[in-house]
There are 2 protein chains.
Amino acid sequence: MVRVEDMPVLDERKHKILMLLIQSYLETGEPVGSRTLSKLLEDNLSSATIRNEMSDLEEMGYIMSPHTSAGRIPSDMGYRFYVNEIMNESDKKCNEMQAFVIEKTEKMEKVLKQVVKTLAVNTNYATMITSPSTSGNRVKFIQLSAFDEKKLVALIVMDGNIVKNKVIELNEDLTQETILKLNLLLNTTLNGLSREQINLGVIAKMKEQSEGYQQIVSDVLDAVADAFNEDDDLEVYTSGATNLIKYPELAAPESAERLLMAFEDKQELKEFLEEAKEDLSDDGIKVYIGDESQVQSMQDCSVVTATYDLGNGMSGHIGIVGPKRMDYKSVLDSLKTIKSQLDSTFSGDKKKK
Amino acid sequence: MVRVEDMPVLDERKHKILMLLIQSYLETGEPVGSRTLSKLLEDNLSSATIRNEMSDLEEMGYIMSPHTSAGRIPSDMGYRFYVNEIMNESDKKCNEMQAFVIEKTEKMEKVLKQVVKTLAVNTNYATMITSPSTSGNRVKFIQLSAFDEKKLVALIVMDGNIVKNKVIELNEDLTQETILKLNLLLNTTLNGLSREQINLGVIAKMKEQSEGYQQIVSDVLDAVADAFNEDDDLEVYTSGATNLIKYPELAAPESAERLLMAFEDKQELKEFLEEAKEDLSDDGIKVYIGDESQVQSMQDCSVVTATYDLGNGMSGHIGIVGPKRMDYKSVLDSLKTIKSQLDSTFSGDKKKK
DNA sequence: GTTAGCACTCGTAGTTTAAGAGTGCTAACA
DNA sequence: TGTTAGCACTCTTAAACTACGAGTGCTAAC
């Protein structure tokens with residue numbers, strides 16, 4: 001793992017050469033030789049001079065040669081250098097963003113799937129997105145309704161207007177009156193309470209007052225717990241995992257398989273995205289190079305993550321996974337665009353599910 | 001495409017040799033030579049004799065040689081022959097089925113994901129399952145509740161106890177009385193109606209009686225339409241797609257990529273599974289070999305599909321995709337086991353979502 | 001500090017070679 | 001007539017060899 005403090009300072013020429021070398025490698029994926037750089041560089045320096053500089057850069061740890069007689073490729077530290085550089089400058093340019101079209105669908109799920117797919121198609125990398133999670137949610141409204149002889153449906157609305165329902169099967173008929181009473185009890189007791197506030201005391205008190213309908217109360221509580229647990233079964237949607245095997249450096253059978261399996265299983269991705277929120281930079285975008293991501297199967301990849309915020313207390317994470325030589329500039333731009341699109345799409349529209 | 005009528009009849013010895021050849025190929029994945037078969041066969045026939053028989057079988061179209069000096073491999077017709085054979089006999093044996101454990105979760109979605117994963121792990125092939133769909137559904141119960149100043153939630157219960165809800169935002173406050181009236185109107189008008197029965201006439205009549213709350217009625221109708229449309233966004237859950245690239249005959253870069261992409265996109269799978277229900281055999285299990293599946297990306301695969309039935313009018317489809325030389329016997333057994341497990345798991349438990 | 005020149009290294013791609021597996025055919029045998 | 005041994009032939013695969021080109025490091029000269 002590279003620490004920024006450990007990175008040697010570069011004079012102007014080395015800086016230029018390093019950036020050029022990395023750019024060239026990002027484009028071609030081929031090791032870059034001294035002659036290539038010499039031609040790329042506007043100063044007419046001979047390849048021999050460049051060779052000396054490259055030798056220095058290699059010693060410093062910014063670049064390395066895959067074998068003796070190939071050119072040089074960036075090390076993880078080299079990539080880190082490059083990314084740090086463009087993170088600084090990228091705001092200035094803001095090159096013509098492709099506008100992504102997000103159809104305004106009612107279902108959050110569909111929007112997320114669409115976003116993740118759009119991103120994957122546009123970037124040609126693998127993408128992932130978590131469904132938005134609400135923190136510090138509260139119960140807003142509960143209603144029981146009998147819709148069949150021995151069946152109730154419990155409707156639970158949470159603060160973020162998340163609606164949950166649960167079918168409850170009964171052993172006996174309930175009078176309309178009983179249902180009204182239960183509704184009253186449930187609402188007066190639970191409304192406005194957060195997960196933490198619904199403790200054993202509250203539960204005991206409710207059961208006490210429920211006069212023989214403990215089972216129903218307990219079923220409703222299950223459903224309430226479910227609504228709170230929305231976070232726990234946070235979904236991760238992915239797309240374009242197969243894009244990755246197009247990059248030769250990731251196509252090695254074993255590593256490719258592990259990568260694809262990670263995208264199929266999603267558990268690891270979920271954990272990673274959840275952790276990613278811990279160390280946010282100012283704009284919520286962060287780049288993980290190689291082992292920085294701490295995900296075993298992505299040691300040979302870079303991951304760019306962003307946080308999106310739907311405004312009503314709901315936020316989630318987006319990630320783009322590509323080879324280390326991914327086109328960081330365009331990925332950063334894409335993510336920024338998506339971020340703002342998501343924000344605006346839902347600014348006035350708080351529906352969910 | 002092979003038609004059973006076109007398959008030449010085989011004498012006993014050819015039958016035995018063909019079955020043996022295919023079994024050997026299924027196990028090893030290597031072309032089978034005459035010497036191998038000679039040793040495998042209990043009758044002491046020389047390889048030369050076998051060669052003659054194989055030559056005949058090749059002429060008939062049951063087997064083919066990948067190149068001159070390799071052994072023979074089954075043709076699609078050969079596989080078809082084999083599958084037809086074991087479909088007949090497999091019921092007799094019923095070898096010790098592995099019991100799959102289906103945890104009884106509340107959410108259908110989780111069950112399906114678990115099933116598809118279990119199957120994939122057990123068979124080492126790729127698996128897919130559609131969520132159960134209900135045909136001929138009707139509206140059973142509708143309820144509007146105000147849970148916030150200007151927000152209603154419409155709760156719709158369908159015949160299969162599928163529950164849908166939709167949040168409706170209002171421009172004005174509604175009195176409790178108005179809501180009761182609307183509830184009455186909605187229930188008296190819509191209850192018991194199927195998708196087809198809710199036509200323009202019914203809608204017009206409702207709007208007429210809704211006295212200025214047309215917007216709400218129309219929103220509710222949207223939600224109802226949604227509930228009916230459950231079928232349209234039938235989900236397909238998949239697992240183990242990466243298993244496929246372990247089989248050399250499928251690992252060729254281009255074809256493997258198409259396969260994996262099919263499993264990522266799922267649209268094609270969905271269509272295939274929906275069509276599969278058209279031509280059911282008696283026990284709901286069907287085997288598609290090669291181009292029989294009509295799915296472009298699976299020309300080199302075999303697909304075994306089964307229908308599962310949850311009893312309350314809900315049914316869906318399972319599919320297992322593997323190389324043509326998949327272990328049909330164990331796949332058929334696994335599917336049968338899962339089928340019965342699914343049936344029994346939900347026999348007394350009609351919850352959904 | 002820069003550059004030209006040169007020997008050297010190493011990976012890639014193409015060719016050659018040898019080995020092995022399997023076939024088809026022929027002729028002999030029961 | 002069915003079965004078998006034998007043999008020449010084909011074809012794939014892997015290993016060994018070759019030639020080539022790209023790139024380097026070093027030295028010596030500018």
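A note on names: the letters A, B, ... follow the listed sequences, proteins ahead of strands, and every chain is numbered from 1.
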| In whole angstroms, how far is the C1' atom of C:dG22 from the CD1 atom of B:I50? | 14 Å
| note | Per atom distances to the A:T68 side chain, the nearest of C:dT23, D:dT10, C:dT9 is C:dT9
| End-to-end axis angle, where each axis spans five pairs of the helix from C:dG1-D:dC30 to C:dA30-D:dT1, to 10° | 10°
| query | Of A:L332, A:V331, A:D327, which is the lone residue that meets side-chain contact (heavy atoms from CB on, under 4.5 Å) with A:K329? | reply | A:D327
| said: With a cut-off of less than 4.0 Å, is there a side-chain N or O of A:S34 near OP1 or OP2 of D:dT24? | reply: yes
| note | Separation of D:dG21 atom P from A:R35 atom CZ, nearest Å, is 14 Å
| Do A:T49 and A:S46 get their side chains close enough for a donor-acceptor pair, meaning under 3.5 Å? | yes
| query | Does CZ belonging to A:R35 count more than 12 external heavy atoms closer than 6.0 Å? | reply | no
| message | Pairing donors with acceptors under 3.5 angstrom, does anything connect the side chains of A:Q23 and A:E27? | response | no
| Distance in angstrom units between A:D56 CG and C:dT2 P, rounded | 11 Å
| request: Give, for atom NZ of A:K246 and atom CG of A:N124, the distance between the pair rounded to the nearest 0.5 Å. | output: 5.0 Å
| message | Please encode protein proximity along nucleotides 24-30 of chain C as a string of B, S and -, counting only heavy-atom distances under 4.0 Å. | response | BB-----
| said: I want to check one thing: is the phosphate of C:dT3, taken as OP1 and OP2, less than 4.0 Å away from some side-chain N or O of A:T49? | reply: yes
| Which whole-number value in Å describes the distance from B:K39 NZ to C:dA21 C1'? | 12 Å
| task | Give a yes/no on whether any side-chain N or O of A:S69 is located under 4.0 angstrom from OP1 or OP2 of C:dT9. | result | no
| Ionic contact status for A:D43 with A:R13, cut-off 4.0 Å | no
| said: Without decimals, in angstroms, what is the distance between B:N44 CG and D:dA5 C1'? | reply: 16 Å
| For DNA chain D, what residues of residues 10-32 of chain A have any heavy atom nearer than 4.0 Å? | none
| query | B:M54 has an atom CE; how far is it from atom C1' of C:dG22, in whole Å? | reply | 9 Å
| task | Using a heavy-atom cut-off of under 4.0 Å over every strand shown, decide if B:D43 touches base, sugar-phosphate, or nothing. | result | nothing
| field | Beyond-backbone contact of B:E275 with B:Q294, side-chain heavy atoms, under 4.5 angstrom | value | no
| message | In this structure, how many angstroms lie between the P atom of D:dT3 and the CD atom of B:E53, rounded? | response | 7 Å
| Under 30°, 30 to 60°, or over 60°: which ring-plane class applies to B:Y79 and B:Y25, parallel, tilted or perpendicular? | tilted
| message | Are there over 12 heavy-atom neighbours, none belonging to A:E42, within less than 6.0 Å of that residue's CD? | response | yes
| request: Taking atom NZ of B:K117 as the centre, report whether more than 12 heavy atoms of other residues, nucleotides or ligands fall under 6.0 Å from it. | output: no
| said: With rounding to the nearest 0.5 angstrom, report the OH to OG distance, B:Y288 to B:S302. | reply: 12.0 Å
| field | Protein-nucleotide distance (A:H67, atom NE2; C:dC8, atom P), rounded to Å | value | 19 Å
| said: Other residues, nucleotides and ligands only: do more than 12 of their heavy atoms fall within 6.0 Å of CE on A:M60? | reply: yes
